Amino acid sequence: MTLAIHGITLRRPRAALAQPWASTQRPYRHLDTSAGMLSAPPSQAARAAQGYAVDADLSPTPYATAHRSVDIAEEACAELVRVIGVVRAAAVRNLLHCQATLDQQPLVSTCLRIGLARFPAVAKMLSLGQLGTAGVPTALVLAKSHLRAGLGSTVVTAADKWLHPFDRQYGSLVTYSDAAGALLVDAAGEHSLARIDALVARVMPHRRPFWDRPAESVVAELTRAISGLLRDCMDEAGCSGADIDMLAGDRYGCAIPANVRATLGLGATVVPAEAATTAHLSSAEFMHSLLGMLRASRRLERPLRGAIWTASPNGAIAAMLVTCDARHARFHHEEEIESVTTDPGRARDPSFTEEIT
Amino acid sequence: MLDPTRPGIIDAGYYLPGEAVDVTEWGAKVGVSDLLLGKLLDNRCRYFHQSYGEDDCDLATGALRSLLARHPVDPAQIDYLVHTHSQPFSIPAPPRSVLSELMGRFSLSPKLSLSVGQLACAGIVTAIEVASRLLEQDPAARYALVVTADRVFGGPQHRVRKDGGSLQSDGGSAILLGRGAVRAHLRDALTRNFSRLAEGPSSPAMDMLIGKLAWVYTRRVLFEAQQRLGRPVNSLSGLFPTNADAPYWKRFAPQLGIDFDIVFLDNVMRRGHACSADLAVNLVDAGFDRLAGGATIMCLAQSNIGAYGALTLTGSTR
């Protein structure tokens, strides 16, 4: 059974709405206890000592204090329902939520709150964790498992908001932004936006935590792991670099995306992905890469065979080969939200346009 | 009729750190009131386990060592790794991961690994259901491993529930799934979620709502589980809930149509409520024995966020 993406939406804060969380506020008081110290992240000083210096400040815009990660996840779902239509939303049977961070009200269950609120027939819900910002591809593997078992279509959501003491910046390696996204996964069909040709998701443990090592060794290890997994993915699909029109991946610094491309020997025919001049969208970054590929397909007015990778410094890593066809897609883009659909019924909505940004 | 080639539970192990702590001595030291101590003892809550300096990866490691001592397997044959936890902070902080740390410590190289979160104490049934499905859809795969780890964060008020119905333990568990020589066939894994409680016990209003609805939802899930099973829970060799809520079981059993004697509550006193680990703790301590000769038991997982699960197991007759 071939899996495909049928609708996608992304939500991220804009400067005009920014009200940064005051550093004096501590939503995770439990981490101040003796038991909590063992779940606390490494200090900024410990990371700086290993060469995680900042030479390019991407200054991500955080969401306002009152805007919880569960709220932005729910807003992304609301937009997805607009994209796919209420009839299709009512047929969704599974919801998988991906999150690297904790909600500021840590007792909440995001998957339970957004699941039944937006998709009334959802029977199976869970949140995927411990995969850093690379959870979405694993959710796609589970979505395929749902389809094979006859359990129906799946909505995959992602949302993160970075709050003290969890730092959003690891020197020039990566800067994480608050963001959310949602997509609908179902069997490939007439209105598919992107057909998944191969998908590999792994956890590759490091011998030592990455913040405990010089930044250069982390860059080399990430480049090697990403390139290796992309080769595995191409082997699985029975294709080579010559078959790839576009390579897109997480917005890491330290030239990681360029190094991956060079290591794979991908030529000039490959459509360049967005440069890492803006912050990484955390768990929703994979959806951002997919949206970028859809925009390119629409702009070039042809289907694109793309390779997308995502990697978390905790060892979770994934690669996906996908055939994107957005020739007939319609896009919606406003202040905070971006979405795309090929459903003819939805495309009549005047807020969707053929223009892409 | 059960398909013997379908994945089932091969074995389980658990790790509850240190010696069991007696709540009467501990309570006097940390200032638990005599009234609350009396309630705890009335409710069968007596002993618990507390970790000192061990993090969640250490608790999961202890549990996996316990499992491998009971049932040695080649780590290279573990194709799926599924972790779950109840306590929101019972994970190493990002960018660490309990998955990558366990893989490093045990030289595991699963095809897929993931952590089921935000389903509190019911996450264990979902974790088993996901692991079983992945294994079932991959005929070349040999084993799937489900691991849990939970710790209590905060002071004594977080270890003792204020109604005296539960005494929290720290602990981890490991459950090995595979085909062939299984001790427990997975007869049914029912998961049900109710979004009204999704905010968890985060305010007095939510505490009240949980108190009002938790057992209503329990009744619904038990009723549906019985219907799917096609026989009453009272005909089974045991109902294994989490290791808490003894007074509520006594009070509500008649309304639930459950014979109180089949509810396994021995570990409420002996082990304390180690969240996601309770299912494995109870299987190892008593459940596997009750399954002898092909008997059937039901493990029930409740939570305070609206997630529920009922896992029905039938013992192997071989």
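Labels below follow one simple rule: chain letters A, B, ... track the order of the sequence lines, proteins then strands, and each chain is numbered from 1. Small disclaimer: the values here were computed from a predicted structure and weren't measured.
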Flag if over 12 foreign heavy atoms under 6.0 Å of CZ, B:Arg179 = yes
Selection from A:Gly315, A:Ala316, A:Ser312, A:Gly129 maximising heavy-atom pairs under 4.5 Å formed with chain B | A:Gly129
Please flag which part of A:Ile114 lies under 4.5 Å from any non-hydrogen atom of chain B: side chain, backbone, both or neither.
-> neither
Taking atom OG1 of B:Thr126 and atom NZ of A:Lys124, what is their separation to the nearest 0.5 Å?
-> 7.0 Å
So which part of B:His83 gets closer than 4.5 Å to some heavy atom of chain A, the side chain, the backbone, both or neither?
-> side chain
How far apart are the C-alpha atoms of B:Asn193 and A:Val122, what are their side-chain angles, what is the distance that settles it, and do they pass the side-chain contact (heavy atoms from CB on, under 4.5 Å) test?
-> CA-CA 9 Å; B:Asn193 303 305; A:Val122 162; over 6 Å; no
Identify which part of B:Val152 has an atom lying under 4.5 Å from any heavy atom of chain A, answering side chain, backbone, both or neither.
-> backbone
A:Arg202 side chain to B:Lys111 main-chain N or O, any donor-acceptor pair under 3.5 Å?
-> yes
B:Ser195-A:Arg113 side chain donor-acceptor pair, cut-off 3.5 Å | no
Let me know if A:Ser145 has heavy atoms under 4.5 Å from chain B in its side chain, its backbone, both or neither.
-> both
What option among A:Gln99, A:Met204, A:Gln130 has the most heavy-atom pairs under 4.5 Å with chain B?
-> A:Gln130
In terms of heavy-atom proximity below 4.5 Å to chain B, should A:His146 be classed as side chain, backbone, both, or neither?
-> both
Bottom line for B:Asp170: the part with an atom under 4.5 Å from chain A's heavy atoms is neither
Give a yes or no on whether the backbone of A:Leu128 and the side-chain of B:Ser115 come within a donor-acceptor separation of less than 3.5 Å.
-> no
What pair of heavy atoms forms the shortest contact from A:Pro205 to B:Ser100, and how long is it?
-> CB-O, 3.2 Å
Top contributor to chain A interface from B:Gly200, B:Ser51, B:Ser303, B:Pro92 [non-hydrogen pairs under 4.5 Å] | B:Pro92
Per-residue contact mode, A:Val141 against chain B (heavy atom under 4.5 angstrom) = side chain
What pair of heavy atoms forms the shortest contact from A:Leu112 to B:Ile305, and how long is it?
-> CD1-O, 3.2 Å
Here the gap from B:Ser202 atom OG to A:Asp103 atom CG, rounded to the nearest 0.5 Å, amounts to 10.0 Å
Counting only heavy atoms closer than 4.5 Å, note whether B:Ala120 contacts chain A via side chain, backbone, both or neither.
-> neither
Please round to the nearest 0.5 Å and tell me the distance separating atom CZ of B:Phe89 and atom CG of A:Leu102.
-> 5.5 Å
Without swapping roles, check the side chain of A:Arg148 against the backbone of B:Gln137 for a donor-acceptor pair under 3.5 Å.
-> yes
Counting only heavy atoms closer than 4.5 Å, note whether A:Ala100 contacts chain B via side chain, backbone, both or neither.
-> backbone
Working for salt bridge (Lys or Arg N to Asp or Glu O under 4.0 Å), residues B:Glu199 and A:Arg68 | CA-CA 12 Å; B:Glu199 286 288 337; A:Arg68 292 165 52 190; 3.1 Å; yes
CA sep, side-chain torsions, deciding dist, call: A:Leu142, B:Leu134, side-chain contact (heavy atoms from CB on, under 4.5 Å) | CA-CA 8 Å; A:Leu142 291 187; B:Leu134 290 169; 4.1 Å; yes
When rounded to the nearest 0.5 angstrom, what is the spacing between CG in A:Leu107 and CE in B:Met206?
-> 9.5 Å
Side-chain donor-acceptor pair under 3.5 Å between A:Ser127 and B:Gln118, yes or no?
-> yes
Contact origin within B:Glu129 toward chain A - heavy atom pairs under 4.5 Å = side chain
Determine, stepwise, if the pair A:Leu131 / B:Leu99 fulfils side-chain contact (heavy atoms from CB on, under 4.5 Å).
-> CA-CA 8 Å; A:Leu131 296 165; B:Leu99 299 170; 3.8 Å; yes
Tell me, for A:Leu126 versus chain B, whether the close heavy atoms (under 4.5 Å) come from the side chain, the backbone, both or neither.
-> both
